[in-house]
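These notes are about the structure you will find just below.
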Amino acid sequence: DKSLGFLTWLRSRKTLPYPYIFRTTRITNRASSEREIQLVGQLPPAPKLSKLLKQWQLVYRQIILPSTRIKPKAGQVTQETNISCQVLGSRLITELNSWLNSGFKEWQKLRERLQQNLNENDEILIVIETDDIQVRQLPWHWWSLLVENYLKAEVVLSLPDYRSLGNQKKHTASSVRILAILGDSTGINIQRDRALLEQLPGATVKFLVEPQRRQLTEQLWGANWDILFFAGHSGIQTNGQISQLYINQADTLTISDLRYALRTAVEHGLKLAIFNSCDGLGLARDLADLHIPQIIVMREAVPDRIAQEFLKYFLEAFASGISLYLAVREARERLQGWENRFPYASWLPVIFQNPAEVSLTWQGLCDHQHISSVSRSSTLTVLLTSIFVTFLVIGIRYLGLLQIWELQTFDRLVQLRPSEQPDPRLLIIAITENDLQLPQQQQRKGSLSDTALHQLLQKLEPYKPRVIGLDIYRDFPVKQNDLAERMRKNESLIAICKASDDSINDPGVAPPPEVSLERLGFSDFITDPDGILRRYLLAMDSSPSSPCTTPYAFNVQLAFRYLATEGILPRYTPSGYLKLGDTIFKPLEAHTGPYQQVDPWGHQVLLNYRVPRSPDQIAATLTLKQVLEGKFDRDTILDRIVLIGTTANSFQDYWRTPYNRNEWSMQSISGVALQAQMVSQILSAVLDNRSCLANAGVEQLALDKLVLLHLEN
């Protein structure tokens, strides 16, 4: 119960003359992390306590009976006693604390644990779970541990068996609904109870004055009630087992007679029952299997005036906003001022609790009623406002004014993804700054000399990679005939070129003369206005005057060759979408996903980033020197896509990505690593059913994030 500091249960299934079994099942502190503590043990037999309780009850009832709300029984006999009620009560309290302060090891451990974990300023609820009537009748609020240390503690009662009422219906009334039953009032004044209920703020009270049985059951069946209240006479049947309510001067009812009607009332939202009458523990016992959240009853026979004063004090405190438990405690303690006329009046009120239900406050009862009322009175206003705001947001989004925030959300979702293993189908051969200084690189033009390229291909070919991707511009013919012949005949070698762009006067870059058109792919990337690469091209139509006229991207050509060996060839849907196997790559369109103001030329898709442990570790990586020196395993190359590209900073082939480098900037990664990202996305979508983000955008990535979190949990 989040509104309380701690919850502690003491369980008993034996009467006091026998060893008393206790079990604390939960101690929960709302001010810190939740802690579960379980202690099991027993208290010693307490035959003296049992005897004192019976003696006190006998004297108390003899003194109080004439002024109570209990219906006198025919032939009832009262016995005189010379023992003072006050003396017996004092002895009962002393014996109770002697029992509870006993030296039993398990009980001492419980006391110490409670004192270690309970805060004196916390609201503390102690629930005594027992089916023994004598244990319920004990004045637990006089336990010295509580009296001396915890001023916001209250002891309540419960049966050991209970369940949650999670299926209770919520009301739609505009106020707290109370059904007040004013039963037989012979010799007592229950009009005072009525006046107090009528003055209760925020409540609608339905009074049934000395009703017939049919009237009462129809009200319980036919309406939704928050609180059930009864005032009048009650008592025990002649057999001493079943409690009964005097609903009028002629008729009595037992809880069993109202069972179906009360069960329906609970299902419809009944949260509190108040029986301002005698023999409340018997009534609570009979009501227990209905699992009403809270029941307030009187522990013994209650004088008429005390019943009135308790109701007044309780309603004042409860309506002020404090919890039900503290309201009952305050009202109970205020009754001490009447004990010169009515001994032990402050012992009488007690709560019977369903521990599976949360604590109750007057504000909690009012809130959902108030919300319902406001909702009905302003439905049209809210509806019109919602429609206006919806169209306003749609319009702003359509104009692209929210695009920057949507793209930043995309970046954040990429950053939140858990790290993944490198793609085992790829190998990157990186040309580093150190590799530029190798002896084989002395005659280089660009990042890779003819000699180094020739030796590299000679090293790779015996290990049979599926595809070799040369992510290096070579717009000049090679000078070595052997290398030229190798490049012309090697069908697994894919090279790059760059298309021209007249809008920025970019002439483009021609392909290697030795590589045919069908083994070429363009290397063009697309960045967003903030310079971050979130999408890429699968295909495009190049200008006939461009030095690079291949229709497919470099990464696509690599994926095509790899998938062809799996028997998967590219096809196109009637709508012109690229289809590989069962995967359709839908192009990015205007006003879809996070993009509202975008030119969807070519065949663009969002890049579904694979999140590596470090930015350049999308795949296994070797340096040029390691390969030329043979420092690698055969399986590192066998059957893989090998991408050859530069990671040397001097060539400035780095691109900003959604990866977060620090609080203020995004991580940049090499062009060859980006090509590997794109190849990996295509292969993963076709072979691993990894999501494509073509038109789903941020929404699909968010869904992927939720799925990943679910799998992690």
Side-chain angles (χ1 to χ4, degrees), residues 428-431 435-436 440-441 443-457 460 467-527 533 536-561 601-604 624 641-648 650-655 670-676 678-679:
I428 295 176
I429 297 178
I431 301 172
D435 292 330
L436 299 179
Q440 296 91 329
Q441 293 275 59
Q443 304 297 323
R444 68 180 173 86
K445 183 178 181 181
S447 61
L448 193 61
S449 69
D450 290 354
T451 301
L453 176 58
H454 194 194
Q455 292 181 14
L456 180 59
L457 293 177
L460 293 176
V467 193
I468 299 174
L470 186 60
D471 186 29
I472 294 173
Y473 291 130
R474 295 183 62 86
D475 56 348
F476 50 86
V478 298
K479 297 180 180 179
Q480 297 182 14
N481 293 332
D482 291 346
L483 175 59
E485 187 68 15
R486 187 180 297 274
M487 293 178 66
R488 278 193 291 267
K489 292 184 176 181
N490 190 340
E491 293 296 325
S492 64
L493 177 66
I494 307 297
I496 61 168
C497 57
K498 188 177 185 302
S500 60
D501 187 349
D502 295 337
S503 64
I504 57 174
N505 295 319
D506 183 354
V509 179
E514 298 81 14
V515 179
S516 59
L517 180 64
E518 62 271 14
R519 291 192 287 118
L520 291 177
F522 59 78
S523 64
D524 300 65
F525 288 161
I526 304 174
T527 59
L533 195 149
Y536 69 103
L537 284 162
L538 297 180
M540 67 176 179
D541 293 327
S542 300
S543 169
S545 60
S546 173
C548 181
T549 57
T550 177
Y552 293 111
F554 175 62
N555 53 81
V556 173
Q557 290 281 37
L558 295 176
F560 280 175
R561 294 299 192 283
W601 61 276
H603 194 300
Q604 302 178 34
L624 176 63
I641 296 176
V642 178
L643 290 96
I644 304 168
T646 180
T647 60
S650 57
F651 287 94
Q652 299 182 351
D653 186 21
Y654 276 81
W655 303 78
S670 63
V672 69
L674 271 175
Q675 293 287 7
M678 298 168 186
V679 175

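The residues of the chain are indexed from 1 along the displayed sequence. Quick caveat: nothing in here was measured; it's all calculated off a predicted structure.
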Interatomic spacing from [atom1] in [X] to [atom2] in [Y] - rounded to 0.5 Å:
X      : Y      : atom1 : atom2 : answer
Leu643 : Ile494 : CG    : CD1   : 11.0 Å
Leu533 : Met678 : CG    : CE    : 5.0 Å
Asn490 : Leu460 : CG    : CG    : 9.5 Å
Arg519 : Leu558 : CZ    : CG    : 12.0 Å
Leu456 : Ile429 : CG    : CD1   : 4.5 Å
Ile526 : Leu537 : CD1   : CG    : 3.5 Å

Next on the checklist: Let's go through Leu520 and Tyr552 carefully: what are the C-alpha distance in whole Å and the side-chain angles of both, what is the deciding distance for side-chain contact (heavy atoms from CB on, under 4.5 Å) to 0.1 Å, and is it a yes or a no?
Outcome noted: CA-CA 8 Å; Leu520 291 177; Tyr552 293 111; over 6 Å; no
Arg488 meets the salt bridge (Lys or Arg N to Asp or Glu O under 4.0 Å) criterion, sequence neighbours left out, with Glu485
Applying salt bridge (Lys or Arg N to Asp or Glu O under 4.0 Å) to Asp541 and not counting sequence neighbours gives none
What I'd like to find out is whether the side chain of [X] reaches to under 4.5 Å of the side chain of [Y], using heavy atoms alone.
X      : Y      : value
Leu470 : Leu448 : yes
Pro547 : Ser500 : yes
Thr647 : Val672 : yes

Applying side chain to side chain contact (heavy atoms under 4.5 Å, CB included) to Ser650 and not counting sequence neighbours gives Glu433, Leu436, Ala648
Sorted by chain and residue number, the side chain to side chain contact (heavy atoms under 4.5 Å, CB included) partners of Pro544 (sequence neighbours excluded) come out as none
From CA spacing to verdict: side-chain contact (heavy atoms from CB on, under 4.5 Å), Asp501, Asp524: CA-CA 10 Å; Asp501 187 349; Asp524 300 65; over 6 Å; no
With [X], which residues qualify under side chain to side chain donor-acceptor pair (under 3.5 Å), at least two apart?
X      : answer
Arg561 : Gln557
Gln440 : Gln455
Gln480 : Thr451, His454

Hits for ring-ring contact (aromatic ring centres under 6.0 Å, His included) against Tyr473, two or more places apart or cross-chain, chain-then-number order -> none
Residue set satisfying ring-ring contact (aromatic ring centres under 6.0 Å, His included) with Phe651, at least two apart, ordered chain then number -> none
| task | Answer yes or no: is there a donor N or O on one side and an acceptor on the other, between the side chain of Asp435 and the main chain of Leu624, under 3.5 Å? | result | yes
Between Gln443 and Ser449 the two heavy atoms that sit nearest each other are C-CB, 4.0 Å
Between Ala676 and Ile428, the two heavy atoms sitting closest are CB-CD1, 3.9 Å
### Query
Run the side-chain contact (heavy atoms from CB on, under 4.5 Å) check on Lys498 and Cys548 step by step: do they pass?
CA-CA 6 Å; Lys498 188 177 185 302; Cys548 181; 5.5 Å; no
Salt bridge (charged side-chain N to carboxylate O under 4.0 Å, His left out) pairs touching residues 467-482, sequence neighbours excluded, are Asp450-Arg474
Output side-chain donor-acceptor pairs under 3.5 Å for residues 510-518, partner residues at least two apart or in another chain, one line each.
residue	atom	partner	partner atom	Å
Glu514	OE2	Val478	N	2.9
Ser516	OG	Glu518	OE2	3.0

*asked:* Show, in sequence, the C-alpha distance, side-chain angles and deciding distance for Val679 and Phe554, and conclude whether the side-chain contact (heavy atoms from CB on, under 4.5 Å) test is met.
replied: CA-CA 9 Å; Val679 175; Phe554 175 62; over 6 Å; no
Contacts satisfying ring pair (Phe, Tyr, Trp, His ring centres under 6.0 Å) that involve residues 501-526 (not counting sequence neighbours) are Phe525-Trp655
